[in-house]
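Worksheet for the structure shown next.
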Amino acid sequence: MKRALFPALCLAAALLLSGCQGSPAAQSPEDTPVEESLGTYYQEAQDQTGDDPVLAVYKDQTVLRSVVDYQKQTQAALAGVDPATLSDREVVDDLLKNVLLLEEAEARGLTPTQEEIEQYLQETVYTAYELPEGKEQIDNYCASAGISFEEYVADLRGQAPRFLAKAKLKEVVMEEYCQAHGLPYDRMNPPQEAQEAVEAYQDQLLADHQGEITYYLP
């Protein structure tokens, strides 16, 4: 039985963390606070009914039109651009790269511990929620998404193992690149070449698995 990829809340968590460190809340093109727009997009994706075309299949996982549309909307809102400037193929491939990164991370034994998951939640959601601006943004997001704060945290806790595993793999790739090229590795400020190596690594993963991917793009 094939499993469908689902809309992720991690983008919202990253946005809220950065916004609560002193930056003003970003605005969508319609001057709606971006966290409200993201919440609305999330609710719309969750409430998707009826025909939801499959745009790609990899092994037992499917990429649905609703998830691609959600990703386009969230990426565009965060970047302040028109969603129409993002192609379906680019977004589908980004989603597939995330799946492949998770596979590689699990194969390398990089699954996070429960302690790491709780530390991640503490450093992002709980810390942000203790600040007036952070609480306002998270509450606005939850209200727009039609979920409670407790549901928001529970959803993030469920997604955290995948998010952290992929983050660990990216760090490993950067550190391996630095070691191979005689560069100092600074986890908080990795060299630009190492960051580019991660992008190349993801592109190569996608290329290596093209034979296992079926696209149904219009």
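Sequential numbering from 1 along the given sequence is applied to the chain's residues.
Q210 places a side-chain N or O within donor-acceptor distance of the main-chain N or O of L206, the cut-off being under 3.5 Å. Between the side chain of T85 and the backbone N or O of D82, at least one donor-acceptor pair lies under 3.5 Å. With hydrogens and angles ignored, the 3.5 Å screen pairs a side-chain donor or acceptor of D52 with a backbone N or O of S66.
The salt bridge (charged side-chain N to carboxylate O under 4.0 Å, His left out) test with R157 is passed by exactly one of E118, E150, E151, E116: E118.
Other residues sharing a hydrophobic cluster with L183 under the 4.5 Å side-chain heavy-atom criterion for ILVMFWY residues are Y177.
Aromatic ring pairs are classed by plane angle as parallel below 30°, tilted from 30° to 60° and perpendicular above 60°; the pair Y126 and F149 is perpendicular.
Atom CD of E115 has 12 or fewer neighbouring heavy atoms from other residues, nucleotides or ligands inside a 6.0 Å radius.
Separating the CG atom in L156 from the CZ atom in F163 is a distance of 9.5 Å, to the nearest 0.5 Å. In this structure, CG on L100 lies 10.0 Å from NZ on K97, to the nearest 0.5 angstrom. Here CG of L110 is found 10.0 Å from CD of E104. Values are rounded to the nearest 0.5 Å. Once rounded to the nearest 0.5 Å, the distance linking CD of E193 with CD of Q195 reads 9.5 Å. Here CD of Q71 is found 10.0 Å from CD of Q73. Values are rounded to the nearest 0.5 Å. Note that CD of E212 is 5.0 Å distant from NE2 of H209, once rounded to the nearest 0.5 Å.
Between C178 and P191 there is a side-chain heavy-atom pair separated by less than 4.5 Å. Side-chain contact between L96 and I213: present, with at least one pair of heavy atoms (C-beta onward) separated by less than 4.5 Å. Taking 4.5 Å as the limit, every side-chain heavy atom of K135 sits out of range of all side-chain heavy atoms of P132. Using a 4.5 Å cut-off on side-chain heavy atoms (C-beta onward), Y129 and T127 make no contact. Within the 4.5 Å cutoff, no side-chain heavy atoms of Y216 are placed close to those of P53. Within the 4.5 Å cutoff, the side chain of Y201 has no heavy atoms near those of the K170 side chain.
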- side-chain contact (heavy atoms from CB on, under 4.5 Å) evaluation trace for V54 with L64: CA-CA 5 Å; V54 173; L64 301 177; 3.7 Å; yes

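Looking only at atom types and distance, the side chain of E103 has a donor-acceptor partner in the side chain of Y58 under 3.5 Å away. A side-chain donor-acceptor contact under 3.5 Å links D93 and Y215.
Heavy-atom minimum distance, C142 versus S148: SG-O, 3.9 Å. The two atoms that bring K72 and L86 nearest to each other are CE-O, 3.0 Å, heavy atoms only. Contact between L169 and L101 at its shortest, heavy atoms only, is CD2-O, 3.4 Å. A197 approaches V173 most closely through the heavy-atom pair O-CG1, 4.2 Å. Minimum interatomic distance between I138 and V125 (heavy atoms only, all atoms of both residues): CD1-O, 4.0 Å. Heavy atoms only, all atoms of each residue included: A105 and A165 are closest at CB-O, 3.4 Å.
L102 is not connected to V99 by any chain of hydrophobic side-chain contacts under 4.5 Å among Ile, Leu, Val, Met, Phe, Trp and Tyr, and they are in different clusters. Hydrophobic cluster membership is shared by L205 and M174, with clusters built from Ile, Leu, Val, Met, Phe, Trp and Tyr side chains linked at under 4.5 angstrom.
Among residues two or more places apart in sequence or in another chain, the side-chain hydrogen bond (donor to acceptor under 3.5 Å, both in side chains) test is passed with T111 by none.
With salt bridges taken as basic N to acidic carboxylate O contacts below 4.0 Å, none links D51 and R65. Between E171 and R187, at least one side-chain nitrogen of the basic residue sits less than 4.0 Å from a carboxylate oxygen of the acidic one, meeting the salt-bridge criterion.
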